[in-house]
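Since the structure comes first, as structure tokens, the remarks are kept for the end.
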Amino acid sequence: MKLLATLLASALCAVPVLEHLEPAANRPVAPQDDEQMAEMWAAAAKYINPGEHHALLAELIGEWDVESRMFMGPQGGPPSAGKAVTRWKIEGRWLESDFDGTLMGMPLRDVQWLGYDNMKQSYVMTRINGFDTAMNHAEGDMTPGGDALILYGTLDEYLTGEHDKMVKYVYRFSGEHEVDAEGNPTAAWKSIDRIVLEVHDLPIGEVNTKVLEFTYTRRKK
């Protein structure tokens with residue numbers, strides 16, 4: 001009798017679930033032929049193929065001399081020297097930038113991966129370094145004139161125990177822009193010779209939020 005009661009209770013509990021299951025005739029089915037699959041791939045092409053936003057990434061490839069410094073309020077600390085190499089991690093899609101230098105007199109290794117996610121319609125960045133064990137992510141967009149890339153993300157502050165602090169990364173580019181038919185500069189770059197990466201601690205407030213700055217100068221061949 002106990003077994004019968006258990007089976008009956010299980011059946012009754014399943015009724016509401018079964019009532020909400022969509023009839024098999026209404027469920028989406030997998031493509032049945034090559035033509036349907038080709039149509040699906042054609043529709044997905046705008047999300048999976050590199051596009052115009054990836055063109056910026058190629059301009060960042062190269063070897064760079066890097067000067068880094070910390071900021072407390074408006075005053076920056078003494079600069080530290082380093083170098084970085086930026087290359088394709090996956091051709092035409094993802095960049096890897098490998099920095100090796102010092103900060104506050106301590107050795108620093110920092111690796112960044114940067115790309116453009118067509119689905120999100122945003123640039124995405126991931127960073128790891130030799131100071132801690134965290135992997136930090138951010139995403140954002142170019143400014144209309146193409147002179148800066150602004151990304152927002154979070155990080156855990158191990159010095160204070162704070163979790164998921166909002167942080168802003170600003171890449172400021174200097175170099176030579178492409179020009180249009182009338183000779184006016186466009187948002188596209190012909191060459192980028194200098195990059196200033198600012199790291200902003202947003203919970204500080206509205207002013208003097210910059211806590212780190214890395215200045216990249218392209219090495220001349």
Side-chain angles (χ1 to χ4, degrees), residues 31 34 36-66 68 82-101 108-130 132-155 166-180 185-200 212 214-219 221:
D34 292 341
Q36 284 180 293
M37 182 60 74
E39 291 176 355
M40 290 180 65
W41 278 114
K46 63 181 179 180
Y47 298 117
I48 62 178
N49 293 330
E52 60 178 328
H53 295 94
H54 296 85
L56 168 69
L57 302 177
E59 297 301 329
L60 306 182
I61 291 173
E63 297 183 2
W64 306 81
D65 292 314
V66 185
S68 58
K83 60 182 180 180
V85 178
T86 303
R87 61 179 73 87
W88 285 120
K89 183 65 175 178
I90 297 180
E91 185 78 19
R93 298 174 184 268
W94 295 97
L95 281 184
E96 179 180 75
S97 184
D98 194 339
F99 167 83
D100 192 7
L108 173 63
R109 175 85 184 280
D110 182 281
V111 180
Q112 303 174 34
W113 293 279
L114 177 66
Y116 186 83
D117 187 326
N118 290 339
M119 196 74 172
K120 291 179 179 291
Q121 298 186 42
S122 292
Y123 285 93
V124 290
M125 184 263 286
T126 296
R127 297 182 71 189
I128 57 174
N129 64 64
D132 54 38
T133 58
M135 177 177 281
N136 298 313
H137 309 279
E139 62 181 78
D141 296 288
M142 292 288 295
T143 55
D147 292 324
L149 171 60
I150 303 175
L151 306 101
Y152 292 88
T154 61
L155 56 76
M166 287 298 300
V167 61
K168 177 174 72 172
Y169 303 90
V170 183
Y171 293 82
R172 303 189 187 278
F173 307 116
S174 300
E176 185 178 356
H177 279 281
E178 296 281 3
V179 296
D180 60 22
T186 69
W189 287 95
K190 184 175 182 180
S191 64
I192 294 176
D193 302 315
R194 189 170 182 268
I195 306 168
V196 178
L197 169 58
E198 302 172 1
V199 183
H200 292 259
L212 284 171
F214 298 85
T215 300
Y216 294 73
T217 302
R218 187 183 294 279
R219 286 187 174 181
K221 295 182 180 180

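Since this is a predicted model, take the numbers as computed values, not measurements. FYI, the numbering just counts along the sequence from 1.
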#### Entry: Residues which pass ring pair (Phe, Tyr, Trp, His ring centres under 6.0 Å) with His177, listed by chain and number, not counting sequence neighbours
Trp189
### Summary
Distance col, row Arg218:CZ vs Ser174:OG, nearest 0.5 angstrom, shows 12.0 Å
#### Entry: Sole residue of Thr154, Val199, Asn136 in side chain to side chain contact (heavy atoms under 4.5 Å, CB included) with Val167
Val199
### Query
Could you state the interatomic distance from CD1 (Ile192) to CD1 (Ile61), rounded to the nearest 0.5 Å?
11.0 Å
### Task
Mind checking side-chain hydrogen bond (donor to acceptor under 3.5 Å, both in side chains) for Asp98 and listing every partner two or more places apart, or none if nothing turns up?
Arg109
### Query
So His54 and Tyr116, would you call those rings parallel, tilted or perpendicular, with 30° and 60° as cut-offs?
perpendicular
#### Entry: Minimum-distance pair of heavy atoms, taken over all atoms of Ala84 and Tyr216
CB-CE2, 3.7 Å
### Task
Report the distance from atom CZ of Arg194 to atom CZ of Arg172, rounding to the nearest 0.5 Å.
11.0 Å
### Message
With side-chain contact (heavy atoms from CB on, under 4.5 Å) as the criterion, how do Leu95 and Trp88 come out once you've worked through the C-alpha distance, each side chain's angles and the decisive distance to 0.1 Å?
### Response
CA-CA 5 Å; Leu95 281 184; Trp88 285 120; 3.6 Å; yes
### Summary
Scanning both residues in full, the closest heavy-atom pair of Leu57 with Gly115 reads CD1-CA, 3.9 Å
#### Entry: Short side-chain to backbone donor-acceptor contact, Thr186 and Glu178, under 3.5 Å
yes
#### Entry: Least distance between heavy atoms, Pro50 atom then Gly92 atom
CB-O, 3.5 Å
### Query
So Leu56 and Tyr123, side-chain contact (heavy atoms from CB on, under 4.5 Å) or not? Walk me through it.
CA-CA 11 Å; Leu56 168 69; Tyr123 285 93; 4.0 Å; yes
### Message
Around atom CD of Gln121, are there more than 12 heavy atoms from other residues, nucleotides or ligands closer than 6.0 Å?
### Response
no
#### Entry: Interatomic distance, Met125 atom CE to Leu149 atom CG [nearest 0.5 angstrom]
8.5 Å
### Task
Apply side-chain contact (heavy atoms from CB on, under 4.5 Å) to Asn129 and Phe99, showing your working.
CA-CA 9 Å; Asn129 64 64; Phe99 167 83; over 6 Å; no
### Query
Does any pair with a residue in residues 44-58 pass salt bridge (charged side-chain N to carboxylate O under 4.0 Å, His left out), and if so which ones, sequence neighbours excluded?
none
### Task
Can you see which heavy atom on Val170 is nearest to which on Ala148, and at what distance?
CG1-CB, 4.5 Å
### Task
Could you tell me the separation between the CG atom of Asn118 and the CG atom of Asn49, rounded to the nearest 0.5 Å?
8.0 Å
### Message
Between Asp117 and Ser122, is the side-chain contact (heavy atoms from CB on, under 4.5 Å) condition met? List the steps.
### Response
CA-CA 6 Å; Asp117 187 326; Ser122 292; 5.8 Å; no
### Reported CD1-to-CZ distance for the pair Ile195 and Phe214, which is rounded to 0.5 angstrom
13.0 Å
### Message
Any non-hydrogen side-chain atom of Tyr169 less than 4.5 Å from a side-chain atom of Leu212?
### Response
no
### Query
Got a salt bridge between Arg87 and Glu96, using NZ or NE/NH1/NH2 to carboxylate O under 4.0 Å?
yes
### Message
If you compare all heavy atoms of Ser97 against all heavy atoms of Thr86, which two are closest, and at what distance to 0.1 Å?
### Response
OG-OG1, 3.1 Å
#### Entry: Distance-only donor-acceptor check, side chains Glu139 and His137, under 3.5 Å
no
